[in-house]
Amino acid sequence: MKTLRRCERFCDCYRIHIRKLSVISDNKPEPSLVENVVHVERVSNLHYLLQLCAKTRSSVGGRACHAQVIRVGWEMDVLTSNMLINMYSKCSLVDSARKKFNEMPVKSLVSWNTIIGALTHNAEGQEEALTLFIQMQREGTPFNEFTISSILCKCAFKYAILECMQLHAFSIKAAIDSNCFVGTALLHVYAKFSSIKYASQIFDSMPEKNVVTWSSMMAGYVQNGFHEETLLLFHNAQFMGFEQDAFMISSAVSACAGLATLVEGKQLHAISHKSGFGSNIYVSSSLIDMYAKCGCIREAYLVFQGAMEVWSIVLWNAMISGFARHAYAPEAMILFEKMQQRGFFPDDVTYVSILNACSHMGLHEEGQKYFDLMVRQHKLSPSVLHFSCMVDIFGRAGLVHKAYELIERMPFNATSSMWGSLLASCRVYGNIELAEIAAKHLFEMEPNNAGNHILLANIYAANEKWDEVARARKLLRENDLKKERGTSWIEIKNKVHSFTVGERNHPQIDEIYAKLDDLVVELKKLNYKVDTSNDLHDVEESRKQMLLRHHSEKLAITFGLMCLPSCIPIRIIKNLRICGDCHIFMKLMSKFTSREIIVRDTNRFHHFKDGFCSCRDFW
DNA sequence: GTAGGGTTAG
């Protein structure tokens, strides 16, 4: 009798111990607990222990539990079997989970949901998960919100948006579409298919939203280029009292990178530190990218160094891409070597970045060396992006025939960006013959892109082929093709000021034009001559000079000089490539005002200092 | 007992 009581106390003691651990523990169960699992003969104790093993991903404890289940003959118990499947799933032992599921003579909805959930966690199992879902339908087992949310996010991408819409319809029919998990999964899927309108409709109509819903919507926006909406949502989430997590912060930082809003990006950097997400890989890599895209390559490198503890390939890639963007090819190359010394193998993204760095510096031999290294040493299969980089490298280095040959023999169809790159190179190196070939393809692929027609006309103009220039002008006029309007942005005191070419709406525009006129007078003393050779407008020379003088980046720099203290650099973002005249203007302006000027155009960064540009006039 | 979210790429 006394022994029995002692045994009961022993079991009770375990029950309390296991129960406490299953609620609070983030660590694996102590080895003694796992060893003593054989003593636990109460079903509730085993259940607690199974939960604990699933939570802590302890396969040793989990297998011991399974052995105990068999020993005491609870194999047929549905609840216990479900817990075993879940434990195996969390311990990444999918085969064991599948075996247990198949052995069950009677399955509950939870059994189906658990095995489907287990299969969705890796790419190989997703097809099987979908098959099981279809099998469920055939067998007449009703699904619920758990089934749909598992299936939606991981498996739906294998198919088209129509399948996702069908799953959406299923959930409406089953009246589970208002469930928070289902809604979040649905908006995530629609955003992945770039149907941001549907995603935001679902978000707005959800009766209950949690922090995952908000961060999924933010991620959806930022991945589809809706940067302003991302930041708006971030502020709304703050207003609604949701504590920002690392998911939200990384999306918000990416939005700042897209918008090049340095002030807000810095605020988010401070928030991430304060919230303890400073060492999160996603936050760190988006911060590196944000600083690089805002023109602050030193700050990007500081974040990179600070993330030393948690280095991942993405952090290396983000930094190499940052260096490439700023045409710091030697730094990118050093990092490329260093990453390998630290045991990281370059991946396809690393190679896109390193090739891009070579392209911006005209390093065609080095570019070819990296391309060969990618194939021979790292056994990576070059994608269309890598070929695109190589076309750019050869073209920019003046090897236009080599670029064309590569387009002809590569295993992909040429993209418009490749022909565009070749056309731009033909303009720089004056190759009319290849320019016409590239333009022919471009006109077919992008008939409404005025920039391509203008580029070809510029080549004719440079070669004094005036008849062709006139023909190109006529074509532009007849088809009413207009080039995207030049716009530049500058951030001053947390506010973004935007200027279009010939801007009239800015509240201080008269003051800006007056100041710009004064500056031009001063720059002319430094031999500044307005270069109208790139201007195709069918107007007099004096009018051309006026149009060039009012280019958006000139207005933005003038406003920056008026508003920003002399000790800080002036940062400008532009929607088009900087023109030759503005490039000379910025160089002279940096010398005349002793200011550092940083311009981000569509291609790259230009750091102007003491009359020189970091691109060494190669862009 | 079972479910949903993030970073780097011309």
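Nothing here was measured: the structure is a model prediction, and the numbers come from that model.
Of the side-chain N and O atoms in A/Lys192, one or more sit less than 4.0 angstrom from OP1 or OP2 of B/dG6. For B/dG5, one of the phosphate oxygens OP1 or OP2 lies less than 4.0 angstrom from a side-chain nitrogen or oxygen of A/His188. Between A/Gln223 and B/dG5, a side-chain N or O to OP1/OP2 separation shorter than 4.0 Å is absent. The side chain of A/Ser321 contributes an N or O atom lying less than 4.0 Å from OP1 or OP2 of B/dA9.
When heavy atoms are screened at a 4.0 angstrom cut-off, A/Lys90 is found touching the sugar-phosphate backbone but no base atom. If you check every strand for non-hydrogen atoms under 4.0 Å, A/Asn356 touches sugar and phosphate atoms only. Within 4.0 Å of A/Ser216, counting heavy atoms only, lie sugar-phosphate atoms of the nucleic acid but no base atom. Contacts of A/Ser312 with the nucleic acid, taken as non-hydrogen atoms under 4.0 Å apart, are absent. When heavy atoms are screened at a 4.0 angstrom cut-off, A/Ala219 is found touching the sugar-phosphate backbone but no base atom. Across all strands, A/Asn179 comes closer than 4.0 Å to base atoms (heavy-atom distances). In this structure, A/Val182 reaches neither bases nor backbone, as no heavy-atom distance under 4.0 Å exists between it and the strands shown. Residue contacts for A/Ser285: at a heavy-atom cut-off of 4.0 Å it reaches a base atom on one of the strands shown. Residue A/Thr350 is out of contact with every strand shown, counting any heavy-atom pair closer than 4.0 Å. Note on A/Arg325: only backbone sugar-phosphate atoms sit closer than 4.0 angstrom, heavy atoms only; bases stay farther off.
With rounding to the nearest 0.5 angstrom, the CG atom of A/Leu363 is 12.0 Å from the CZ atom of A/Arg396.
Stacking annotation: A/Phe146 is stacked on the base of B/dT2 (ring centroids less than 5.5 angstrom apart, interplanar angle below 30 degrees).
Counting to the nearest Å, the P atom of B/dT2 and the CD1 atom of A/Ile115 are 14 Å from each other. As a whole-Å value, the separation of A/Leu187 CG from B/dG4 P is 14 Å. For A/Phe605 and B/dG10, the CZ to P distance is 13 Å, given to the nearest whole Å. Atom CD1 of A/Ile176 is separated from atom C1' of B/dG4 by 13 Å (rounded to the nearest Å). Rounded to whole angstrom, the span from the NE2 atom of A/His386 across to the C1' atom of B/dA9 amounts to 8 Å.
For the pair A/Thr141 (side chain) and A/Gln137 (backbone), a donor-acceptor distance under 3.5 Å is absent. At least one donor-acceptor pair under 3.5 Å links the side chain of A/His386 to the backbone N or O of A/Asp348. In this structure, A/Asp601 contributes its side chain and A/Ile578 its backbone to a donor-acceptor pair below 3.5 Å.
Taking the six-membered ring for Trp and the full ring otherwise, the centers of A/Phe234 and A/Trp214 sit at least 6.0 Å from each other. Taking the six-membered ring wherever Trp is involved, the centroid distance between the rings of A/Tyr351 and A/Phe371 does not fall below 6.0 Å.
Between the side chain of A/Asp245 and the base of B/dG6 there is no donor-acceptor pair of N/O atoms closer than 3.5 Å. No hydrogens or angles were tested; on distance alone, nothing pairs the side chain of A/Ser149 with the base of B/dG4 as donor and acceptor under 3.5 Å.
Here B/dG5 is the nucleotide among B/dG5, B/dT8, B/dT7 with the atom lying nearest to any side-chain atom of A/Ser215. Comparing B/dA3, B/dT7, B/dT8 by their nearest atom to the side chain of A/Glu145 picks out B/dA3. Ranking B/dG6, B/dG10, B/dT8 by closeness to the A/Ala318 side chain, first place goes to B/dT8. Nearest to the side chain of A/Cys389, among B/dG6, B/dG10, B/dA3, sits B/dG10. Of the candidates B/dT7, B/dG5, B/dA3, B/dT7 carries the atom nearest the A/Ser254 side chain, counting heavy atoms from C-beta on. Residue A/Leu385 has its side chain nearest to B/dA9 when only B/dG6, B/dT2, B/dA9 are considered.
Under the 4.0 Å criterion applied to side-chain N and carboxylate O atoms, A/Glu128 and A/Arg98 are assigned as salt-bridge partners.
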